[in-house]
Protein chains: 2
Amino acid sequence: MINKNSPVPIYHQLEEYIKQQIETGILREEAVIPSEREFAEVFQISRMTVRQAINNLVLEGYLTRQKGKGTFVSKKKVEQELQGMTSFTEDMLSRGMNPSSTLLSFQIIPADKNTALDLKIEDNDSVYKIKRIRLADGAPMALETAYIPVEIVPGLTEENSNLSLYQYIEQHLSLSISEATQEIEASIADSDDAETLEINIGDPILLIQRISYLQDGIPFELVKSTFRADRYRFVHTMKR
Amino acid sequence: MINKNSPVPIYHQLEEYIKQQIETGILREEAVIPSEREFAEVFQISRMTVRQAINNLVLEGYLTRQKGKGTFVSKKKVEQELQGMTSFTEDMLSRGMNPSSTLLSFQIIPADKNTALDLKIEDNDSVYKIKRIRLADGAPMALETAYIPVEIVPGLTEENSNLSLYQYIEQHLSLSISEATQEIEASIADSDDAETLEINIGDPILLIQRISYLQDGIPFELVKSTFRADRYRFVHTMKR
DNA sequence: GTGGAATAGTTGTCTATACCAGTTATATAT
DNA sequence: ATATATAACTGGTATAGACAACTATTCCAC
């Protein structure tokens, strides 16, 4: 499970290992995880390295420590993610609705000037352009257009683009998403919007543009969404 | 400066020391701080201990590291606050605009059912109801109505209500604001909105409702704002 | 039973050291 | 002067070991 010769740092390998154990349910909510010395012994690594992995998971909210007792799996990652970057799917699930989507188009195109600027790439660099209608409980909720640099996420196809992009990036490319910016504005539907969202021209709509960044501040996704204002309201919690 | 016999951990002492250097301006924004090895040498402590202190300050946003170059003082605690709870005034200032406001009314009224629910008080408990027009560079930007429980912030008057409520609460009542939730939706202007915001009926508007909480999760302010969509766009950064 | 000591487990703090991987200044060769 | 190695810095990762602080249990004396 741990490869000492991998260029991936050991502590990061251990993080992923423990995360996986949590997500697959092998380590359950509220349960104690093995002690630091035990991890060190089992994987033949130093306790300080184990601590580095566990520290990060504590900071990310996966675990909590209790001096003298042990380290425990936190309950509900969901609530923490809610305070920030939720995908449409997660967002709808958290509202008790059933999300689905219809793929309208999947293209690889050269980036225009504005898209290139937002994604910090050169003009005409290749990007995926993926258009979807997002549905909640079967009814149209939003029209979404995503732009993703091909260079960063190669091998995206019409088939696998339906899976969670975030999971793909974190697990297969072992990159992690650190930050996102959103811009939200109000507008009114034009004829195109009205048709796809099944509303009337002049009805209010919510435009949301999100840019998601990797650890190093590299943008990897630009999503422009048009929501039906009568069905969707953006909810958001800030801490500190 | 560092006391090895103190019950306070060394890394924490060092954190406070560095923080102080930053806050007193001895270490300036963007400047390099001494290297880890230098701290270790000067204070005769281990480099790992220095790293523990610096790690924490990095996580708290005081410092940023750059491999091969050094560790730098982050600029502006303000910007971090911007990622979250900004008042209209701060928001506009950060956009390079000149904010002002016109008080429309200042009342103490019994809370209606919904307001009471949001503020977690009883129906008919007294609340301040403060209506303002918010201007940016002299032009109407938003219509704002704030509801504040009298019990939590007694002594608010038409005069001092113009000052920063947040500062007042943090400094005079020594309470601290920990969290806020926002709900954002799109709508279209009715005749009232159109008149106060100097736009046309049917123009798009952005409705923002914010509830701010004290440390203990006690709501102390409910603000409902109506923004001109042609002039205002909600911008928001999420981390992690 | 109650209190206290001993014990074995946990995380927390700290040291000393080593090597790796970027960055920058400096010396050297051309 | 201009390249180009090289050395000397930086933070990043990892080791091994030590003691402190805290928790839980067990056992024993009272």
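Chain A is the first sequence line, chain B the second, and so forth, proteins listed ahead of strands; every chain is numbered from 1. Please read all numbers here as calculations on a predicted model, not as lab measurements.
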Residues B:R210 and B:E144 bridged, charged N to O under 4.0 Å: no

B:Q52 vs C:dT13: side-chain N/O to OP1/OP2 distance below 4.0 Å: yes

Could you state the atom-to-atom distance from NE2 of A:H12 to C1' of D:dA14 in whole Å? 16 Å

Looking at B:T71, does any N or O in its side chain come under 4.0 Å of the phosphate oxygens OP1/OP2 on D:dT10? no

May I ask you to verify if any side-chain N or O of B:R65 is less than 4.0 angstrom from the OP1 or OP2 atom of D:dG12? yes

State whether the number of non-hydrogen atoms from other residues, nucleotides or ligands found under 6.0 Å of A:Q107 atom CD is greater than 12. yes

Hey, does B:I45 reach any base, or is it just sugar-phosphate, or nothing, if we go heavy atoms under 4.0 Å? sugar-phosphate

Does A:K4 make a side-chain N or O approach to OP1 or OP2 of D:dA14 shorter than 4.0 Å? no

Below 4.0 Å: OP1/OP2 of C:dT10 and any side-chain N or O of A:S35: yes

How many angstroms lie between CG in A:N98 and CG in A:L93, if you round to the nearest 0.5 Å? 7.5 Å

To the nearest Å, how far apart are A:K69 NZ and C:dT11 P? 12 Å

Taking atom types as they are modelled, would you say the side chain of B:R37 forms a donor-acceptor pair with the base of D:dG11 within the 3.5 Å cutoff? yes

